[in-house]
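Quick note on labels: first sequence line is chain A, next is B, and so on, each numbered from 1.
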Amino acid sequence: MRMNRMYMPTLREVPSEAELPSHQLLLRAGMIRKLVAGVYSFLPLGHRVFKKVEQIVREEMDNIDSQEVLMSAIQPKELWEESGRWSKFGPEMFRLKDRNGRDFCLGPTHEEIFTDLIKNELKSYKQLPLSLYQIQTKYRDEKRPRFGLIRAREFVMKDAYTFDVDEAAMKEAYELMWGAYARVFERCGLKFKIVQGDAGAMGDGVSHEFIALSEYGESFIAYCDSCDYAATDETAQVVYEVAEQDSSAEMQKVSTPGVKTIEELEKFFNVPASAFVKTLLFKAVDEVVAVMVPGDRELNEIKLINALGCAEHELEIASEEDVKDATGCDVGFAGPIGLKKGIRLLVDERVAKMTNMIVGANETDFHLTGVAYGRDFEGEVSGDMLMVVEGDSCPVCGKPLSIDKGIEVGNIFQLGLKYSKSLNLQYLDENGKSQYVWMGSHGIGISRTMAAIIEQYYDEKGIMWPLAVAPYHVIVTVVDPKKADQLEVGEKIYADLKKRGVEVVLDDRKERAGVKFNDAELIGFPLRVTVGRDAKDGLVEFGVRGKDDKEKIEADKAVEAVFSHFEEVGFEL
RNA sequence: CGGGGUGUAGCGCAGUUUGGUAGCGCAUCUGGUUUGGGACCAGAGGGUCGCGGGUUCAAAUCCUGCCACCCCGACCA
């Protein structure tokens, strides 16, 4: 490709709408443009990178005998009602009606559609296992789209679905997928961690997330350096020991005027935060629920949601009015004793061991001390309800956990029988008996992966694409294309590289050298051959993006230099 | 959806407090001089000042309703 014909509107200045490096650089390098919030157009250079990532995914999926299909983005409401997700997905789903008023959605994911497709054809165990995937546009009306391609409302995902005869076979398919995903992200050059995930709206089974490490990531992960335990912060099991407490203390009401927060309480009573128990009120659908966690810890809302069995969007913090109605007092004095009748009280398992805690009295300006679980009140003991923090003990080996941040680029789920049951997907086994199909669902965010790569490969000048995903491998920069000798040498190297199958652009634009160099570095071509003033002596310059030292070589050796670099970094065309 | 902020030329911004009919830098076009790290000189084009309503002789500026976009919180590939 000749650059003077290339549509690559690079920007000198950072668009004010972009904050993250990947977002800024994608815009500045002329790779994407925003249409509306969370919806982007891919320009030629961006599209080339996109296709590279897509192709890597495709190859690795094909490699494990998953077969590519293409489903519609537009889906009928009926299938979603069968699975119960028409309401569960909530406002995240883009919904639309046809001219007759029939309801549809733009697919946020495709479990229903794949299951439905298969159920009409699948008859026998002999047809299993089956693994299908597609690379297709997904729609999710995010509450808050942001960070460019990282949280978009329209994005491209590779989604795969596996169908197996039993649980063991499903787990085998899961392992296969795991391996393919690891290879995909390795080939993309990403530094990533594989962590246990929460299944969320997808199902209740085992799941893992592939997290590309990045300081700008939205996903927090807890992991152990001593063993291989790793989980998302929401999933990580919290080890929290309650010290033996004196149970002889009597419950007493203490006046605590205006003392509401844990910090204020610590000062007032002069005891550590762990002596208190927070009673938090939430509204789930239209029921108010109270949750108790130790005063020095945060509640994990995901764990609460799982305990309640409601959907994410159905849970919200109770309003001030709801709190007053439930407790009969101002916000800040809620406690387990004297709550309005009928309010569910969930209790973290550790709270249930406390025999001398301080809680709100459900009376404005009063707290209760010396409260013992079991003696003074009881609730539903709900296991672990806490958010993990750095330094918590590893639930496997007991060593302290580390916390890191990253971008979720892929995930794998063991769906089990969730969809085959709700959508009635069965096969006949060897004995002619009907059995439900064991399913798995596996996603990779293609466009998001592209952004995640940039987050790991950039410097102050621009992007530094790994060769495997670079829009082109080499840029041949002709410093002054009006000089016949330079242009001639540049054209020859360009043609020779092309002949050898190298993806190459020729910068033949009538721009000053600085503009060309800056554009090349911004866009992030991995290799640069500069044809300048020494061209008349048959010399050119060979450089690698990200390395300052340039090497003067004979023009005839340029192609060789490119290939020896390929060899050096283990890249194959 | 709650809280905060912004909307003026393709991009980045000033002008709004104190109403008087729109400006700067970059980019674009023309001519010339330059030519290895975002050139210089001269000239030119480009704006429903987010949209609607109101106040006023007069509105980018004041009032009001709406919209869009960005940031902070809860969701996910």
Side-chain angles (χ1 to χ4, degrees), chain A residues 9-20 23 27-28 30 33-38 53 57 89-93 108-110 135-160 181 197-202 207 209-212 217-219 232 234 282 301-302 304-305 311-317 319 407-413 441-452 461-462 477-483 486 510-522 530-535 540-541 543 550:
Chain A
T10 54
L11 305 174
R12 292 192 181 191
E13 287 173 279
V14 180
S16 57
E17 71 188 44
E19 189 121 310
L20 286 214
H23 191 190
L27 288 167
R28 286 227 295 139
R33 285 294 181 263
K34 184 178 71 185
L35 217 200
V36 292
V53 175
V57 172
F89 241 91
E92 300 277 291
M93 192 185 253
T109 176
H110 281 234
I135 294 173
Q136 191 241 19
T137 310
K138 298 283 185 274
Y139 297 87
R140 293 185 193 175
D141 195 0
E142 295 281 343
K143 275 179 192 166
R144 190 176 158 212
R146 58 185 150 170
F147 303 151
L149 297 185
I150 289 178
R151 178 172 301 277
R153 295 196 291 174
E154 179 188 74
F155 60 96
V156 175
M157 178 161 105
K158 184 286 304 175
D159 46 328
Y181 274 38
D198 176 72
M202 295 297 170
S207 81
E209 300 186 358
F210 289 70
I211 308 286
E218 296 181 279
S219 300
T232 64
E234 292 157 340
F282 285 85
E301 284 192 35
I302 295 296
L304 174 60
I305 281 161
E312 185 84 31
H313 69 273
E314 289 169 344
L315 185 81
E316 52 184 40
I317 292 173
S319 65
I407 299 160
E408 185 189 345
V409 287
N411 68 6
I412 49 182
F413 287 112
S441 146
H442 317 277
I444 291 179
I446 306 274
S447 38
R448 180 184 276 185
T449 296
M450 184 174 156
K461 290 172 176 170
T477 301
V478 179
V479 174
D480 186 355
K482 277 183 290 194
K483 294 227 164 70
Q486 290 187 22
K510 292 182 180 62
E511 291 286 352
R512 296 172 68 83
V515 172
K516 296 183 181 188
F517 295 152
N518 282 312
D519 273 345
E521 280 152 352
L522 175 62
T530 307
V531 185
R533 47 170 117 80
D534 297 326
V540 298
E541 202 175 80
K550 308 268 186 285

Which one of A:Glu19, A:Glu218, A:Glu17 satisfies the side-chain hydrogen bond (donor to acceptor under 3.5 Å, both in side chains) criterion with A:Arg146? A:Glu218

Starting at CG of A:Leu27 and ending at P of B:C69, how long is that distance when rounded to a whole Å? 15 Å

Please determine, for B:G31, whether a Watson-Crick or G-U wobble partner exists with both distances under 3.5 Å, and give it or none. B:C41

In Watson-Crick or G-U wobble terms, both distances under 3.5 Å, what is the partner of B:G36? none

To the nearest Å, how far apart are A:Phe210 CZ and B:A77 C1'? 13 Å

Measure CD1/A:Ile407 against P/B:C75 and give the value in whole Å, please. 18 Å

Should A:Arg448 and A:Ile150 count as side-chain neighbours, where that means a heavy-atom distance under 4.5 Å? yes

Side-chain donor/acceptor of A:Arg448 to base of B:C76, under 3.5 Å: yes

A:Arg144 (side chain) and B:C1 (base): donor-acceptor pair under 3.5 Å: no

Do A:Glu541 and A:Lys550 sit within salt-bridge range, that is, some charged N less than 4.0 Å from a carboxylate O? no

For a quick test of reading the model: is some side-chain N or O of A:Asn411 closer than 4.0 Å to OP1 or OP2 of B:A77? yes

Looking at B:G47, which nucleotide sits across from it as a Watson-Crick or G-U wobble partner, both distances under 3.5 angstrom, or is there none? none

Base, sugar-phosphate or nothing for A:Thr477? Non-hydrogen atoms, less than 4.0 Å. nothing

Check every strand shown and say whether A:Asp519 touches a base, only sugar-phosphate, or nothing at a heavy-atom separation below 4.0 Å. base

Atom pair distance, as rounded to whole Å: NE2 in A:His23 and P in B:C70: 7 Å

How would you label the contact of A:Gly410 with the nucleic acid (heavy atoms, under 4.0 Å): base, sugar-phosphate, or nothing? sugar-phosphate

Grab the CG-C1' distance between A:Leu522 and B:C11 for me, whole Å please. 14 Å

Base, sugar-phosphate, or nothing for A:Ser219, non-hydrogen atoms under 4.0 angstrom? base

Quiz item: A:Glu13 side-chain donor-acceptor pair to B:G25 base, under 3.5 Å: yes

From NZ of A:Lys550 over to C1' of B:G37, roughly how many Å is that when rounded to an integer? 10 Å

May I ask you to say what A:Val156 touches in the nucleic acid, namely base, sugar-phosphate or nothing, with a heavy-atom cut-off under 4.0 Å? nothing

If the cut-off is 4.0 Å, is A:Arg512 near the phosphate of B:G36, judged by side-chain N/O to OP1 or OP2? no

Under-3.5 Å donor-acceptor pair between A:Glu511 side chain and B:G38 base: no

Look at the side chain of A:Lys143 against the base of B:A74 and say whether a donor-acceptor pair falls under 3.5 Å; ignore hydrogens and angles. yes

Less than 4.5 Å apart, any side-chain heavy atom of A:Thr137 and any of A:Glu154? yes

So what does A:Val479 hit on the nucleic acid, given a heavy-atom distance under 4.0 Å: a base, only sugar-phosphate, or nothing? base

Counter-base of B:G19, judged by Watson-Crick or G-U geometry with both distances under 3.5 Å: none

Taking any strand in view, what nucleotide pairs with B:C76 in a Watson-Crick or G-U wobble way, both distances under 3.5 Å? none

Whether A:Phe155 stacks on the six-membered ring of B:A77 base, 5.5 Å and 30° limits: yes

Does A:Arg140 put a side-chain nitrogen or oxygen below 4.0 Å from OP1 or OP2 of B:C75? no

Atom pair distance, as rounded to whole Å: CD in A:Glu142 and C1' in B:C1: 14 Å

Return the nucleotide paired to B:A9: Watson-Crick means purine N1 to pyrimidine N3 with N6-O4 or O6-N4, wobble means G-U with N1-O2 and O6-N3, both under 3.5 Å. none

Would you indicate, yes or no, if B:G12 has its OP1 or OP2 atom less than 4.0 angstrom from a side-chain nitrogen or oxygen of A:Ser16? yes

When you check the phosphate oxygens OP1 and OP2 of B:G73, does a side-chain N or O of A:Arg146 lie under 4.0 Å from one of them? yes

Would you classify A:Glu301 as touching base, sugar-phosphate or nothing, given that sugar-phosphate means primed atoms plus P, OP1 and OP2, and contacts are heavy atoms under 4.0 Å? nothing

Length of the line joining A:Ile317:CD1 and B:G73:C1', which is rounded to integer Å: 9 Å

